[in-house]
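Here the structure comes first, spelled out in structure tokens, and everything after it is commentary.
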Amino acid sequence: MAESYGRRVQSRIYREGVLGRRPAVPVDPVRLAAAARRRMPRRAWAYVAGSAGQQATERANRAALDAWRIVPRMLRAVEERDLSVELFGQRYPAPVLLAPIGVLEMAHPEADLAVARASARLGLPMLVSTQGSAPVEATAAAAGATAPWFQLYWSREPDLVASMVRRAEASGCRALVVTVDTHLLGWRPQDLDLGHLPFARGLGIAQYTSDPVFARLVAERPRSRTSARPTPAAVGALLSMARHHPGGTWANLRSPAPRAAVETFLDVFSNPALTWDDLGRLRGLTSLPVLVKGVQTREDARLAEEHGADGVVVSNHGGRQVDGALGSLDALADVAGSVDVPVLFDSGIRGGADAFKALALGARAVLLGRPYVYGLALAGEEGVVQVVEHLVAELDLTLGLAGCRTLADVGPAAVRRC
């Protein structure tokens, strides 16, 4: 009998523990975060770990997960287990994806490229952030056969949106995930107390500085909009970055962005004028599956489906946008029961038991966020791999201990609200 993916992962982890080999990163999520906090610069920690306002929504995410209890069933022949899931025509070994997180260069110098290599080793896709620290072409190349998905922040410049969609397609991305809850940047006290916005320092804007449409916008920037019009050399540098070789190294991908590029980014990043009709127009730009990320109500889930979305992601952005909002898991069952398209879950996942609860309440798969960044900060590519494998191993054990053999067995009866 061949071991399943999850069983293989957890067997290896336990075997190494028996042999006295300690992992590169802490297994316990609380200790993992604490270790990363000690390692990361203060500004990097504030950006990654911080949430909106008084962080009530982040606490609500944890409370929502803790409010549900798993109901184990016994003697159900669970020796053979299968965590695999099909998403938009692709089969993955576990229902876990790496959530889109920007400015990863603040956590580790290899940033998105290290995460992409980890994704390739795991066979689980990462979502490349629009606020990535490396262009999508280089990140997709590093991910190899485990083609990433692309997360889109919808700029106020339509040509730039179209360009990024084309680049994601050309890079081999297998889905487009449109984040709709960040049309305005949330109130981030931890960043504000440090006087720090990474984008204003040219961090996390590699998707822009490598884009030919963005280079044109910088070149066309009116003199009155910036302290100094970009020099021909600066424009040439941007155009060169936009024509970069997809296999280029981290060193030649990461160049200081001219100030005009930073100011242009700050002008075009957000678009609070968007409506559901815009989603229909975006649908016309691509043949890729389109998911809407940031949905928290059945009404919005239905509107997303009506306007052409192929899936929705229940998410409150990890508590980073609206303080005092609904815990993400509290919205999941309502959304999942209201649409026919696949529903994914994001915000608050810290371990395999958390993932099990989300799957039981209707999620097809879950997105893991901050924990893998902590692993990245502590041990680079290997840290990301171990954090994800720890979650997968716990999910596999939870599946069997709850009396389930496949994800199809994980339903509402497997959990109870307390």
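Computed from a predicted model, the values in this text were never measured in an experiment. All heavy atoms count here, side chains included; hydrogens, waters and symmetry mates do not.
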- Task: Determine, stepwise, if the pair D354 / R62 fulfils salt bridge (charged side-chain N to carboxylate O under 4.0 Å, His left out).
- Result: CA-CA 9 Å; D354 294 339; R62 186 68 256 163; 2.8 Å; yes
- Assess the side chains of R320 and Q55: does a donor N or O sit below 3.5 Å from an acceptor N or O? no
- Look only at the side chain of Q151 and the backbone of L176, and say whether a donor-acceptor pair between them is shorter than 3.5 Å. no
- Message: Closer than 3.5 angstrom, by distance alone: can the side chain of S338 be matched with the main-chain N or O of V335 as a donor-acceptor pair?
- Response: yes
- Task: Assess whether side-chain hydrogen bond (donor to acceptor under 3.5 Å, both in side chains) is satisfied between Q10 and D396, documenting all intermediate values.
- Result: CA-CA 8 Å; Q10 56 100 347; D396 176 73; 3.3 Å; yes
- Do the non-hydrogen side-chain atoms of L152 and T130 ever get within less than 4.5 Å of each other? yes
- Query: Is R417 salt-bridged to D330, going by a charged N under 4.0 Å from an acidic O?
  - Reply: yes
- Query: Have T57 and N316 got a donor and an acceptor in their side chains that come within less than 3.5 Å?
  - Reply: no
- Message: I'd like to know whether E382 forms a salt bridge (charged side-chain N to carboxylate O under 4.0 Å, His left out) with R121, so could you lay out the CA-CA distance, the side-chain angles of the two residues, the decisive distance to 0.1 Å, and finally the verdict.
- Response: CA-CA 10 Å; E382 182 62 26; R121 289 170 57 184; 2.7 Å; yes
- Could D267 and R156 be called an ion pair, given the rule that one side-chain N must be under 4.0 Å from one carboxylate O? no
- Under a 4.0 Å N-O cut-off, is there an ion pair linking R302 with E306? no
- Query: With under 30° as parallel and over 60° as perpendicular, where do the rings of Y47 and F199 fit, or are they tilted in between?
  - Reply: perpendicular
- Query: Within a reach of under 6.0 Å around CZ of R91, are more than 12 heavy atoms found that belong to other residues, nucleotides or ligands?
  - Reply: yes
- Name the one of Y153, W154, F214, Y208 that satisfies ring pair (Phe, Tyr, Trp, His ring centres under 6.0 Å) with F269? Y153
- Query: Considering all heavy atoms of both residues, which atom of L32 and which atom of G375 are nearest to each other, and what is their separation?
  - Reply: CD1-N, 4.3 Å
- Query: Does atom CD of Q54 have more than 12 heavy-atom neighbours, drawn from other residues, nucleotides or ligands, at distances under 6.0 Å?
  - Reply: no
